[in-house]
Amino acid sequence: MRAFPSIEDLRQRARRNVPKLFFDYVEAGSYTQQTLRANCADMAGIPLRQRVLVDVDQRSTATTILGETASAPLALGPIGLGGMLYGDGEILACRAAQAAGIPYTLSTMSINSIEDVAGAVDKPFWFQLYVMRDRGFMRELVQRAQAAKCSALMLTVDLQVLGQRHCDVRNGLTVPPQINVRNVIDVITKPAWAWSILKGKRKTFGNLAGHVKGMEGVGSLAQWTASQFDPSLSWKDIEWIKSLWPGKLILKGVLDVQDARIAVKTGVIAISVSNHGGRQLDGAPSAISALPRVVDAVGADLEVLFDSGVRSGADIMRALALGARSCIVGRAYLYGLGADGQAGVARAIEILQKELDVIMALCGVKRVAEINRQVLAGYDEPSNSLPL
Ligand SMILES: Cc1cc2nc3c(=O)[nH]c(=O)nc-3n(C[C@H](O)[C@H](O)[C@H](O)COP(=O)(O)O)c2cc1C
């Protein structure tokens with residue numbers, strides 16, 4: 001794994017290992033992908049402030065996330081179909097996160113079920129909820145997360161309907177994968193991947209199979225989502241979810257200041273400023289450009305997490321500088337998973353953490369709590385505008 005010095009190196013290996021169908025699914029944004037591109041381009045456009053002759057011995061990336069200690073301001077985000085990048089992918093990613101001392105989030109749309117993961121790891125993990133029309137099933141799903149001792153519930157609020165990813169349509173992304181000539185060639189040229197999937201516990205959505213009707217052959221993910229997900233979900237339902245889940249509740253996918261203010265009134269512990277990695281509203285602003293306004297509006301009232309576009313330790317530094325308390329990553333760790341299963345995820349986490357540690361040193365900062373807008377070049381005094 002030392003041979004992978006960067007997230008990009010892991011990405012290149014994942015591209016070679018994983019069938020195109022699933023690699024494309026990870027990479028893609030919705031429609032023209034303008035928001036996907038903006039997430040990374042705007043991030044790269046934020047210059048960091050080089051400081052010299054500051055004693056940066058004895059640094060630490062340690063922090064707290066939702067009141068729990070973490071080795072870095074970093075969590076692994078929820079990923080639907082994560083177990084299609086590597087057999088038992090969710091179990092392996094959770095193990096890597098827990099070994100590194102950071103939170104892991106299991107998606108409603110995972111391949112391993114809540115029970116599979118809970119039975120295979122030592123510590124609690126977070127569970128991400130998509131709200132479906134069948135409220136009886138929703139209640140049961142939340143109860144399963146409670147029985148598995150999940151330590152936080154992350155309600156994703158930016159996917160009541162699915163933004164189209166053109167490549168998934170072209171590639172015929174179905175669950176389980178369609179057997180056609182193109183897909184068969186794709187799969188038989190990826191033997192290590194095929195072997196890991198064959199050995200894995202499951203080949204379809206673990207949380208839904210046996211619980212939701214019509215799960216036997218989901219067919220097109222887009223069609224299935226359209227028929228099952230509840231587009232009537234509204235702020236009123238947060239009370240209902242809180243009545244089912246009295247524990248820590250995070251709203252993921254808030255980009256707008258007005259929505260952030262409403263979120264404060266609901267009493268959730270945290271929000272994640274996110275545009276779903278550019279996979280939902282194409283044309284929405286980059287998440288990093290939305291972050292400072294949301295932090296200014298609600299940062300004192302709840303914990304502001306951030307995701308969408310984090311690919312390096314420098315990106316974590318930028319998001320923290322603009323007020324995020326910690327970052328959630330998606331693709332950055334999926335590249336590690338596709339590259340080499342648990343070892344690859346562990347390597348991705350290590351890369352991000354070590355990069356953050358060096359960037360902190362070069363910006364003259366020793367503690368995560370010291371990171372603020374002063375670490376950005378071009379931002380010295382409050383009167384100066386942000387470089388965004
Ligand atoms: C392949 C893939 C699947 C995803 N599945 C889910 C999901 O099931 N639930 C969810 O809330 N977010 C999901 N997301 C969004 C991520 O949790 C996260 O918001 C996003 O990846 C952050 O952007 P980044 O990939 O640029 O780090 C998914 C993202 C990707 C790339």
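Count residues from 1 along the sequence. All values reported here derive from a predicted model rather than from experimental measurement.
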K.L.:
Is E27 salt-bridged to R331, going by a charged N under 4.0 Å from an acidic O?
P.N.:
no

K.L.:
So do N17 and F23 actually touch side chain to side chain, heavy atoms under 4.5 Å?
P.N.:
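SC-SC contact between F23 and N17 ruled out.
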
K.L.:
Please check if atom CZ in R325 has more than 12 non-hydrogen atoms from other residues, nucleotides or ligands closer than 6.0 Å.
P.N.:
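No, because the 6.0 Å sphere around CZ of R325 holds 12 heavy atoms or fewer from other groups.
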
K.L.:
Going by atom types alone, do N275 and D158 pair a side-chain donor with an acceptor below 3.5 Å?
P.N.:
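No, D158 and N275 have no side-chain donor paired with an acceptor closer than 3.5 Å.
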
K.L.:
Report the relative orientation of the aromatic rings in H166 and Y31; use parallel for angles under 30°, tilted for 30 to 60°, perpendicular for over 60°.
P.N.:
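Judged by the thresholds at 30° and 60°, the geometry between H166 and Y31 is perpendicular.
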
K.L.:
Check D340 with R347, please: is the shortest side-chain N to carboxylate O separation under 4.0 Å?
P.N.:
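Result for this pair is no, no salt bridge flagged.
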
K.L.:
Heavy-atom distance under 4.5 Å between the side chains of K252 and H276, does that happen here?
P.N.:
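Contact flag for K252/H276 side chains = yes.
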
K.L.:
Do the charged groups of R318 and D315 touch, with an N to O distance under 4.0 Å?
P.N.:
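Salt bridge present between R318 and D315.
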
K.L.:
Regarding T61 and D357, do their side chains bring together a donor and an acceptor under 3.5 Å, going by distance alone?
P.N.:
no

K.L.:
Do the non-hydrogen side-chain atoms of V273 and L255 ever get within less than 4.5 Å of each other?
P.N.:
yes

K.L.:
Taking atom types as modelled and ignoring hydrogens, do the side chains of Q128 and T156 form a donor-acceptor contact shorter than 3.5 angstrom?
P.N.:
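Yes, T156 and Q128 have a side-chain donor paired with an acceptor closer than 3.5 Å.
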
K.L.:
Taking the side chain as every heavy atom from C-beta outward, state whether K366 and D55 have any pair of such atoms under 4.5 Å apart.
P.N.:
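Touching, per the 4.5 Å side-chain cut-off.
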
K.L.:
To the nearest 0.5 Å, what is the distance between CZ on R135 and CG on L244?
P.N.:
9.5 Å

K.L.:
I'd like to know if D24 and K20 make a salt bridge, using a cut-off of under 4.0 Å between side-chain N and carboxylate O.
P.N.:
yes

K.L.:
Give a yes or no on whether a salt bridge exists between D307 and R279, defined as a side-chain N under 4.0 angstrom from a carboxylate O.
P.N.:
no

K.L.:
More than 12 non-hydrogen atoms from neighbouring residues, nucleotides or ligands closer than 6.0 Å to CZ on R11, yes or no?
P.N.:
yes

K.L.:
Is any NZ, NE, NH1 or NH2 atom of the basic residue among K248 and E303 found under 4.0 Å from an Asp or Glu carboxylate oxygen of the other?
P.N.:
no

K.L.:
Run the side-chain contact (heavy atoms from CB on, under 4.5 Å) check on M132 and L141 step by step: do they pass?
P.N.:
CA-CA 11 Å; M132 298 182 198; L141 195 57; 5.7 Å; no

K.L.:
Given side chains that start at C-beta, do those of I271 and V294 come closer than 4.5 Å, heavy atoms only?
P.N.:
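Yes; the side chains approach each other to less than 4.5 Å.
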
K.L.:
State yes or no: do W235 and L155 share one hydrophobic cluster built from I, L, V, M, F, W and Y residues joined by side-chain heavy-atom distances below 4.5 Å, directly or via other members?
P.N.:
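Same hydrophobic cluster.
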
K.L.:
Are the side chains of I7 and S312 in touch, meaning some heavy atoms are under 4.5 Å apart?
P.N.:
no

K.L.:
Is the shortest heavy-atom distance from the side chain of Q160 to the side chain of F229 under 4.5 Å?
P.N.:
no

K.L.:
Quick one: do D88 and R95 make a salt bridge, cutoff under 4.0 Å?
P.N.:
no

K.L.:
Given side-chain contact (heavy atoms from CB on, under 4.5 Å), test L81 with L173 step by step and report yes or no.
P.N.:
CA-CA 11 Å; L81 292 178; L173 180 73; 4.3 Å; yes

K.L.:
Looking only at atom types and distance, does a side-chain atom of D296 sit under 3.5 Å from a main-chain N or O of R293, one as donor and one as acceptor?
P.N.:
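Looks like no, no N/O pair under 3.5 Å.
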
K.L.:
Would you say CH2 of W195 has more than 12 non-hydrogen atoms from neighbouring residues, nucleotides or ligands within 6.0 angstrom?
P.N.:
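Open: at most 12 neighbouring heavy atoms sit under 6.0 Å from CH2 of W195.
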
K.L.:
For residues I111 and T204, determine if any side-chain heavy atom of one lies less than 4.5 Å from a side-chain heavy atom of the other.
P.N.:
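Side-chain contact under 4.5 Å: no.
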
